[in-house]
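Here is the structure we will look at.
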Amino acid sequence: MAAPEDPRRRRVGLLYDERMCRHATPDGEIHPENPDRIRAIWQKLESEGIPQRCIVLSAKEAEDKYIASVHTQRHVKLIKNISSKKFNSRRLRIASNFNSIYFNKGSSEAASLAAGSLIEVSEKVAKGDLDSAIAIVRPPGHHAEPDEAMGFCLFNNVAIAANFLLNERPELGIRKMLIVDWDVHHGNGTQNMFYKDPRVLFFSVHRFDFGSFYPARDDGSYCMIGEGPGAGYNINVPWEQGQCGDADYMAVWDHVLLPVAESYNPDIIMISAGFDAAVDDPLGGCCITPYGYSLMLKKLMGFAQGKIVMALEGGYNLKSIANSVLACAKVLLEEKPLVGSIEAQPLESTWRVIQEVCHELKTFWPALSVELPQKLLVSCRRPCSIELNLSSSSESTVENDEGASTTLCATNFVDIIEPLSKLNIDEDNHWKAVAPDHIPTKQSSVVLSEECPNAQALMPDKNVDGCTPWRSVLSETEVWYGSYGSNMWNPEFLCYIKGGKVEGMNEPCPGSRDKSSPKDVIWKTVPHRLFFARSLTCRWGKGGVAFLHPESNKNDKAYMCMYRITLEQFNDVLLQENSLHQENGRSQGAGTPLLVLSDIGVAAENKSLPLEALKAGCYSNILYLGEEDNLPILTMTCSCSEIDQFRSGELPVSGPSNGYMNTLVRGLVEGKQITREEAIAYINDAATREL
């Protein structure tokens, strides 16, 4: 380890330890998060002489007390001991209880080394011993929650190091920290650990796909801005689709991240540096180049006196990840930058997302109040072509392009990879998403095209052979969605289409992929009984929510606001309504159609259609209420069996909260159906009359 001869050369720490390669799948199965990831990076850096120009550091395991600063004692104990002999017979079963996790005899040591490495390099940068540092660590960390391993992550490495600097080493003067998470997946764990802490400005730019991209939770929405003293210090930039590349990320840097960073003036910057948004990554579907990553990093070096700590997160194409880390290392060393240019324009959806983020946060950060130039909002971009290399060999992906590969257009790379827990390996050792009932053969090939963009896009119970692009099909069909509850108020319903929340909501709606407003809105009454049941929803908190009795009765009358939307939008609304239910645990998003064209015919014949896929949700039963202008009228409610459970007391029957009731009243009054007094009487009658 030689000290730099030039005193002006930046002191860049570099940490790599082969012991972290001991964490691997228990039986040698092929997996995207494998030891070759960090080996490929280290080999590339060595081939370019980077270690000789850096200060190479040794890894050491993190002390339990520092890990326990962000994780529960129970979780620390489990991960620290999962590799011991006493867990040999239970290790596989325990791993199966987590989302996208494996354990082996090397997992405990690797996880502790990854966390300890981040503490080590962060402390040296904070002290001034180093100007910046790169920690080439695994397993990654940003998905790990306080009490849960998930998404390949065991301990939250960045969060542990951040807490160490803020609370264990106050003498180092780190009062304000910027964490930038540019991994293609949302850094849910890191966000939740600092959600109320104004000392940490957490910024995550990630694929969200309206809540269907992993980790498929609402907390990646731009509406999640922090809470209490941390309000305004959590910034999410949720891409609506794949294809995002250098131009899109530069637009977000220039119009969101950099203005906020200048106002915040952090003392240090930590980067959750995932490289799965890179060109060719099999899980990300985006197309950032090494030049793009170098620009993203270079723009951040103007803050915090260049004190930057990079921690490896995701990234699963070995060539892309190695070249991208190399580009970043050269930036930190302030050597000759990569030569490149960005000729493409950002996607139209990128400007839309930027506008939404700025609107949500401008009261906290006045710099975001600046209107985007109109000429920027009318942009056109040619799709980038991504060569997707799915070889598992580090030799073929680091040094050349040999091996199994396929080429696809990024415009078709939407929802190819579903939640990582559904990632399967075919017999040719390729990583791809396959339907649960599909058994690959040796002749199976990776087909990623317009005809088959997502092998999981159709649910198994739809009995459809092949892979139809369901969204484009269902976007051509229009239906009437009949709302009898809070969605009768137009601003509330638009949250389910455009995303966001209204007064009284605890959590925002991710919105529909198609954010087009309804083509028409009309009102009518239906011969069904309105009532209120359940006792808790995540969006409205305590209190019952509206249901329509599945069976009609000529003596009953319910008001209904009908929105003319596409069947694709109806599916997205149906998904969001059923994510309300908390009584059966955490809700999950999905990228599959819940209701297809043939289902409407079944519902019309039987007047209703219970959906098995939604049986754990509040609104699992589709009601067919006739036609209007030759279009079917559909709504959603509980099943007939749940009516019996409400009557028996097995499921709770509760009146609506004040906030929820006020929303219903506003819908009825602003829809010019009845007066405010009549609306209150109508709702009170529904809430008090026995089923």
Side-chain angles (χ1 to χ4, degrees), residues 23 33 60-84 86-87 90-104 106-119 122 137-169 177 179 181 185-197 199-200 202 204 214-220 224 226-230 234 270 272 311 313 420-421 538 582-588:
H23 171 62
E33 205 296 284
K60 63 180 182 181
E61 294 190 41
E63 294 182 42
D64 288 4
K65 65 178 181 179
Y66 298 141
I67 301 174
S69 67
V70 299
H71 290 289
T72 63
Q73 290 286 354
R74 180 175 177 272
H75 181 69
V76 175
K77 184 178 180 180
L78 173 66
I79 301 302
K80 279 282 193 172
N81 292 287
I82 194 66
S83 298
S84 63
K86 68 178 182 179
F87 282 94
R90 295 180 287 156
R91 202 174 290 127
L92 286 175
R93 178 175 56 81
I94 292 172
S96 68
N97 293 328
F98 294 101
N99 185 337
S100 309
I101 289 295
Y102 63 76
F103 296 124
N104 76 333
S107 299
S108 296
E109 181 184 35
S112 185
L113 285 169
S117 297
L118 257 293
I119 292 175
S122 299
V137 297
R138 63 177 294 273
H142 70 147
H143 290 309
E145 296 278 8
D147 60 349
E148 180 184 5
M150 63 177 288
F152 308 162
C153 303
L154 305 187
F155 289 143
N156 196 312
N157 309 317
V158 166
I160 292 168
N163 188 82
F164 177 84
L165 293 183
L166 291 168
N167 297 318
E168 300 294 335
R169 293 291 184 271
M177 177 181 298
I179 298 178
D181 190 329
H185 302 98
H186 179 235
N188 55 285
T190 313
Q191 169 176 297
N192 292 335
M193 289 170 178
F194 299 107
Y195 201 62
K196 299 180 181 180
D197 194 338
R199 298 175 301 169
V200 176
F202 177 69
S204 178
Y214 191 87
R217 293 170 11 176
D218 289 351
D219 53 10
M224 305 301 288
E227 187 175 307
N234 195 88
M270 301 191 71
S272 275
E313 297 285 0
L420 303 180
S421 57
C538 64
Q582 283 192 328
E583 293 169 12
N584 288 294
R586 177 179 292 168
S587 61
Q588 295 289 336

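In this chain, numbering begins with 1 at the start of the sequence shown. Computed over heavy atoms, backbone and side chain alike; hydrogens, waters and symmetry mates excluded.
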Compare all side-chain heavy atoms of F87 with those of F103 and state whether any distance is below 4.5 angstrom. no

Closest non-hydrogen contact found for G189 with E145 is CA-OE1, 3.9 Å

NZ (K77) and OG1 (T72) are apart, to the nearest 0.5 Å, by 11.5 Å

Rounded to the nearest 0.5 Å, the CE atom of M224 sits from the CG atom of N234 at a distance of 7.5 Å

Side chain to side chain contact (heavy atoms under 4.5 Å, CB included) filter on A162, not counting sequence neighbours, yields M177, I179, F194, M270

Short side-chain to backbone donor-acceptor contact, S112 and A62, under 3.5 Å:
yes

Step-by-step side chain to side chain contact (heavy atoms under 4.5 Å, CB included) determination, F202 to D197
CA-CA 10 Å; F202 177 69; D197 194 338; over 6 Å; no

Rounded to the nearest 0.5 Å, the OG atom of S122 sits from the CG atom of L166 at a distance of 10.5 Å

One should read off an interatomic distance between L113 CG and L118 CG, to the nearest 0.5 angstrom, of 12.0 Å

Scanning both residues in full, the closest heavy-atom pair of A114 with P139 reads CB-O, 3.9 Å

Worksheet entry | Residue pair E33 / Y102, side-chain heavy-atom distance below 4.5 Å | yes

**Study point:** Side-chain touch M150/N188, heavy atoms, less than 4.5 angstrom
**Key:** yes

Looking only at heavy atoms, the pair that brings N157 and A115 closest together is OD1-N, 3.4 Å

Across all chains, not counting sequence neighbours, the ring pair (Phe, Tyr, Trp, His ring centres under 6.0 Å) partners of Y66 are F164

By side-chain hydrogen bond (donor to acceptor under 3.5 Å, both in side chains), Y195 pairs with (sequence neighbours left out) none

Is there a side-chain contact between E313 and V158 in this structure, where contact means two heavy atoms from C-beta onward sitting under 4.5 Å apart? yes

Do H186 and D219 have side chains that approach each other closer than 4.5 Å (heavy atoms only, starting at C-beta)? yes

Closest non-hydrogen contact found for V70 with A159 is CG1-O, 3.8 Å

Worksheet entry | Side-chain heavy-atom pair I67, K80 within 4.5 angstrom cut-off | yes

The residue among D147, D64, N156 that forms side-chain contact (heavy atoms from CB on, under 4.5 Å) with H71 is N156

Ignoring hydrogens and geometry, is there a side-chain-to-backbone donor-acceptor pair from S107 to S83 under 3.5 Å? no

Flag the pair L154 / H23 as yes when at least one side-chain heavy-atom distance between them is below 4.5 Å, and no otherwise. yes

Taken to the nearest 0.5 Å, the spacing of H143 NE2 from S272 OG works out to 10.0 Å

Distance col, row E148:CD vs C153:SG, nearest 0.5 angstrom, shows 11.0 Å

Note: P146 and H75 closest approach over all heavy atoms is O-CB, 3.7 Å

